[in-house]
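Remarks on the structure that follows.
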There are 2 protein chains.
Amino acid sequence: METAQEQQTITLSTTELSVLGLLSAFGERSGYDLKKHAEAGVGYVWTAAKSQIYAVLPRLVEDGYATSRRVEQSSRPDKQVYRITDAGEEVFRAWLEEPVEERPDARSTFLLKIFFGRHMSREALVGHLERKREWALTYLDEYRGIEEEIRDEESSYFGYVTLRWGIAHAETWIRWADEILRELEKRP
Amino acid sequence: METAQEQQTITLSTTELSVLGLLSAFGERSGYDLKKHAEAGVGYVWTAAKSQIYAVLPRLVEDGYATSRRVEQSSRPDKQVYRITDAGEEVFRAWLEEPVEERPDARSTFLLKIFFGRHMSREALVGHLERKREWALTYLDEYRGIEEEIRDEESSYFGYVTLRWGIAHAETWIRWADEILRELEKRP
DNA sequence: GTCGACATGTAACCAGTTACATGATTAA
DNA sequence: TTAATCATGTAACTGGTTACATGTCGAC
């Protein structure tokens, strides 16, 4: 009654699907491993708290999208490792090919504050913009470092593609902030 | 015990603060009005479901950040209107001036799918990119329309500033998508 | 002897979403 | 008469966060 086949509409959360994707890409892993891997990879496009990963994994097993087994270790705590099943592979692929429902994600505290810029002191406003600029510069730097490392690795191509979005995004913030800061100087 | 003054740490949700901001900017309004105004203004940087607005308003009154009164109407249903208090004005300003805690918001279903592009058919991948491009074009168009309208209105300056972010953002998506699409054509 | 990495979870909470419910008035 | 606008809410749910809890082993 709760298996994948019998359900009419399969709705998995994005986190479940991203975990499924990681299992598909990396093979058998523990929750701990996944968290590590996620941080240094998809982490840039999708994050999950470790408590959530531990919550998601048994759910995937229950639904038949993964299997788990206990691995005993001598010099480390035992661990529970998970492997994606064919059914899991299938929903993952199906989800991947589905169009993304684009809704303009209107949810930026930063822009909200700027929007209310009129109610703010000049210093605070400039501070916000300068901080944003700094922050973007920091990320740009970090991303450029990673870019160097992966740009020629064929296996990281799609990581490289998303990273380039991150770089373009950071550059856009910087350009925008600069423009507004310059403009503010000329305003009374 | 629950009033603003006595609380040590005042933590309001962003939605509560954005509602407070709207009350500060527009004066006395009903929940219904706020929802309308929000859609055509901040809506672009912060959205809230109407049920949430109706939930937030009495909470603001309870905490002393707003007052409400019933307005009887003859040809329309009566309404409850809200007005920001001095205490409300104060927390709003204080919040505005506070630095925004910048965390790289890694939460894009779209980028997550692209990240797993290797597991996807070429058609699906191209489809995702083209759809993103189209979507960005549509928004760009809309934003450019609004830009025309408000660019010279001094009173909309900060709306104009955030709008320009939206425009730059959309343009960046388009440029990025074009680049990747061109690149994919050259790849085996 | 204590710090950091390995390892797994529970519990409480919260912001926000969707769906449901109701009802008046007005313009087409 | 039917649809749209005005007007306000409740209820159920969910995805996700933070904090708490526990313990081993190896390196320094």
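Just so we're on the same page: letters track the sequence lines, and every chain starts at 1.
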Applying a 4.0 Å non-hydrogen cut-off, can you work out what [X] is touching in the nucleic acid: base, sugar-phosphate, or nothing?
| X | value |
| --- | --- |
| B:Arg107 | sugar-phosphate |
| A:Lys35 | nothing |
| B:Arg70 | nothing |
| A:Arg29 | nothing |

- Task: Establish whether the base of C:dT18 is bridged to the side chain of B:Ser51 by a donor-acceptor pair shorter than 3.5 Å.
- Result: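 Result: at least one qualifying N/O pair found.
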- Query: So does B:Ser30 reach the base of D:dT8 with its side chain, donor to acceptor, closer than 3.5 Å?
  - Reply: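 Answer no: no donor N or O sits under 3.5 Å from an acceptor.
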Expressed in angstrom and rounded to an integer, what is the separation of [X] atom [atom1] from [N] atom [atom2]?
| X | N | atom1 | atom2 | value |
| --- | --- | --- | --- | --- |
| A:Arg59 | C:dT10 | CZ | P | 12 Å |
| A:Ile53 | C:dC6 | CD1 | C1' | 15 Å |
| B:Leu57 | D:dT8 | CG | P | 9 Å |
| B:Glu101 | D:dT17 | CD | C1' | 12 Å |
| A:Lys36 | C:dC6 | NZ | P | 5 Å |
| A:Leu112 | C:dA15 | CG | P | 16 Å |
| B:Arg69 | D:dA7 | CZ | P | 14 Å |
| B:Glu72 | D:dC6 | CD | C1' | 16 Å |

Nearest to side-chain heavy atoms of [X], which nucleotide of [options]:
| X | options | result |
| --- | --- | --- |
| A:Lys79 | C:dC6, C:dC20, C:dT8 | C:dT8 |
| A:Ser13 | D:dG15, C:dT8, D:dT8 | D:dG15 |
| B:Trp46 | D:dC20, C:dG16, C:dA21 | C:dG16 |
| A:Tyr54 | D:dG16, C:dG9, D:dA11 | C:dG9 |
| B:Arg103 | C:dT17, D:dC6, D:dT18 | D:dT18 |
| B:Ala49 | C:dT8, C:dT10, C:dT18 | C:dT18 |
| B:Gln52 | C:dA15, D:dA7, C:dC20 | C:dA15 |

- Query: Does a side chain donor of either A:Glu142 or A:Tyr44 reach within less than 3.5 Å of an acceptor in the other side chain?
  - Reply: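 Their side chains do not contain a donor-acceptor pair, so the 3.5 Å distance test is not met.
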- Would you say the side-chain atoms of A:Glu183 and B:Tyr157 include a donor-acceptor pair closer than 3.5 Å?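 Side chains of A:Glu183 and B:Tyr157: pair found under 3.5 Å.
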- Query: Counting only side-chain N and O atoms of A:Gln73, is one of them less than 4.0 Å from OP1 or OP2 of C:dC6?
  - Reply: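 No, because none of the side-chain N or O atoms of A:Gln73 sits under 4.0 Å from OP1 or OP2 of C:dC6.
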- Message: If the cut-off is 4.0 Å, is A:Tyr32 near the phosphate of C:dT8, judged by side-chain N/O to OP1 or OP2?
- Response: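 False: A:Tyr32 side-chain N/O out of range (4.0 Å or more) of C:dT8 OP1/OP2.
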- May I ask you to decide whether A:Arg93 forms a salt bridge with A:Glu89, counting only side-chain N to carboxylate O separations under 4.0 Å?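 A:Glu89 and A:Arg93: salt-bridged.
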- Do any N or O atoms from the side chain of B:Lys35 and from the backbone of B:Ala48 form a donor-acceptor pair under 3.5 angstrom?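 Yes, the answer is positive, given that a donor and an acceptor are paired below the 3.5 Å cut-off.
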- Query: Would a 4.5 Å heavy-atom cut-off, applied to side chains only, mark B:Arg131 and A:Glu102 as touching?
  - Reply: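 When only atoms from C-beta onward are counted, A:Glu102 and B:Arg131 do not touch, as no gap falls below 4.5 Å.
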- First encountered from the 5' end of DNA chain D, between A:Thr14 and A:Lys50: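 Going by which nucleotide is closer to the 5' end, it is A:Thr14.
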- side-chain contact (heavy atoms from CB on, under 4.5 Å) between B:Leu111 and A:Val42: does it pass, once the steps are laid out? CA-CA 9 Å; B:Leu111 287 175; A:Val42 253; over 6 Å; no
